[in-house]
Amino acid sequence: MKHESSLASAADANAAIRPSACPGLVRVVAARDGGICRLRLPGGVLRAPHARALAEAARAHASGVLELTNRANVQIRGVRAGEEAALSAALIAAGLGPDGIGAANSPAQACIADELRNVMQSPLAGLDPLAFDTTPLAAALIDMLRSEPRFAALSPKFALLLDGGERLAERAHPHDIWLAARGHDAAHADETRFALGLAGCPCDAPLGTLAARDIRATVRALLHAFLDIADNLVDNQADKHANVERMRDVPNREALLERARARAGFTLTPDEHGIDAKRSTSADAGSRLGAHALHANGSGYVGAQPALGRLDASTLHALAALAQAHGDGTLRVTPWQGLLLPNVPAQAMPGVLDALAALGLIHTRANPLARLVACAGSPGCAKSRADTKADAQRLAALLPRDEAAAQVHLSGCERSCAAAHRAPFTLLARAPQRYDLYAACTPASRDDDASGFGRLVATHLTIEAAAPLLARRPRSTTDV
Ligand code: SF4
């Protein structure tokens with residue numbers, strides 16, 4: 001009880017020192033359908049016992065509805081008023097918090113320990129024999145983020161990306177600092193170099209490359225330089241609440257690099273390989289679904305996704321059992337709001353696919369729901385102008401099965417919570433059951449056009465009117 005009462009004050013204490021609307025393990029944020037509690041999962045890894053504990057906690061203290069997020073995390077929706085602290089305590093007791101959170105001296109420290117672990121990796125990190133294993137590096141970066149008191153000043157949204165060159169990776173999400181392996185050769189892993197970039201993604205041109213062994217010190221220097229500049233900018237502005245939370249807010253990144261170099265003495269060399277060079281594939285996001293071999297004996301992983309990223313506690317229990325029976329007892333949450341069962345033998349793959357289908361999960365790209373994403377919508381969010389999830393279900397029923405069709409994003413407002421980068425097509429709600437349709441040519445940052453969604457194609461569409469537009473030329477965003 002003492003631990004629960006301590007956690008009960010966590011959200012208030014934390015908000016005072018780290019204002020944020022981001023849900024966390026301790027910071028349960030109110031929504032229209034109840035509280036939201038978000039668990040950050042380093043590497044997206046969820047062990048079967050943890051999955052069961054999560055399912056039980058969602059049933060005991062919330063609506064039993066869980067969501068997989070586009071940052072490969074899990075969140076519990078519908079947390080009942082007054083049960084926030086009990087939920088957080090149950091999850092921490094089950095081992096779902098970061099190491100040492102139980103020993104945090106204050107609720108605010110518990111929040112910080114939870115929030116300073118935004119290091120995104122491929123769902124195949126450490127599994128793909130053709131890629132650089134970023135797992136130890138990710139652990140070292142998280143440890144560094146949490147061990148230096150100054151880094152507590154970083155926004156809960158501040159995020160790093162490590163791309164090891166895996167066959168499956170989300171490379172279009174923008175991150176504050178991104179690093180992508182270049183020219184990896186498994187026989188000479190020590191010589192692998194990484195491209196480095198700021199406020200973007202590995203689809204962008206990098207600033208240069210550095211050796212894997214220099215990454216930790218370089219990232220540390222960049223973080224200090226960022227905080228130096230953020231502090232100076234805020235101090236020099238009349239408005240002391242000036243918003244310098246993310247790398248994209250820094251006006252002069254060359255100055256930041258110079259400051260970081262002065263601190264760590266690193267040098268970046270020009271990228272010899274170019275984007276996508278020496279990757280075993282171009283990291284096809286379509287391989288997030290279905291059965292895929294990673295090894296010569298045919299063993300590999302099976303991927304699937306619940307419709308629109310939502311699943312219930314019973315389904316999570318069943319997935320944990322499936323992972324224990326046929327995989328290695330773990331699940332990996334993917335940034336496409338789905339999950340993988342790693343280390344499945346070849347002969348078990350057909351049965352696992354059947355079991356996933358029986359649970360109602362999508363495991364083929366041809367299913368229209370595989371290419372639809374939608375935010376919480378009006379039942380869950382007061383800002384939403386439409387019930388985006390229900391409308392997405394209706395849209396799915398009207399779209400053809402097509403493996404090559406482009407992604408469609410339904411957003412209840414301009415904040416675009418469900419898509420971290422611009423989707424090929426966006427339906428932006430104007431009113432209940434009415435949408436404006438946008439088309440984008442590239443998955444570039446949402447900041448580089450006026451709307452953030454691309455070119456406005458049509459307005460005030462019903463779902464029935466939007467469906468034929470999207471079905472007619474599903475591969476092209478320029479001919480709609
Ligand atoms: S995109 Fe807007 S409407 Fe949808 S969940 Fe986010 S804030 Fe709410």
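Atoms within a ligand are numbered from 1 in the order they appear, just like the ligands themselves.
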List in chain and number order the residues that pass side chain to side chain contact (heavy atoms under 4.5 Å, CB included) with Val373, two or more places apart in sequence or in another chain; answer none if no residue qualifies. Gln337, Gln407, His409
Set of side chain to side chain contact (heavy atoms under 4.5 Å, CB included) partners for Ser63, sequence neighbours left out: Val65
Spell out the protein N/O/S atoms under 2.8 Å from atom 2 (Fe) of ligand 1 as residue plus atom name. Cys413 SG
Quick test of your reading of the model: are Arg117 and Asp114 salt-bridged, counting only N-O distances below 4.0 Å?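 Looking at Arg117 and Asp114, the cut-off is met.
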Check for me whether the distance between the ring centres of Phe158 and Phe151 falls short of 6.0 Å. no
Provide the full list of salt bridge (Lys or Arg N to Asp or Glu O under 4.0 Å) pairs with a residue in residues 69-82, sequence neighbours left out, each pair given once.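 Only Asp33-Arg77, Glu67-Arg77, Arg80-Glu83 qualify under salt bridge (Lys or Arg N to Asp or Glu O under 4.0 Å).
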Assess the side chains of Thr462 and Gln433: does a donor N or O sit below 3.5 Å from an acceptor N or O? no
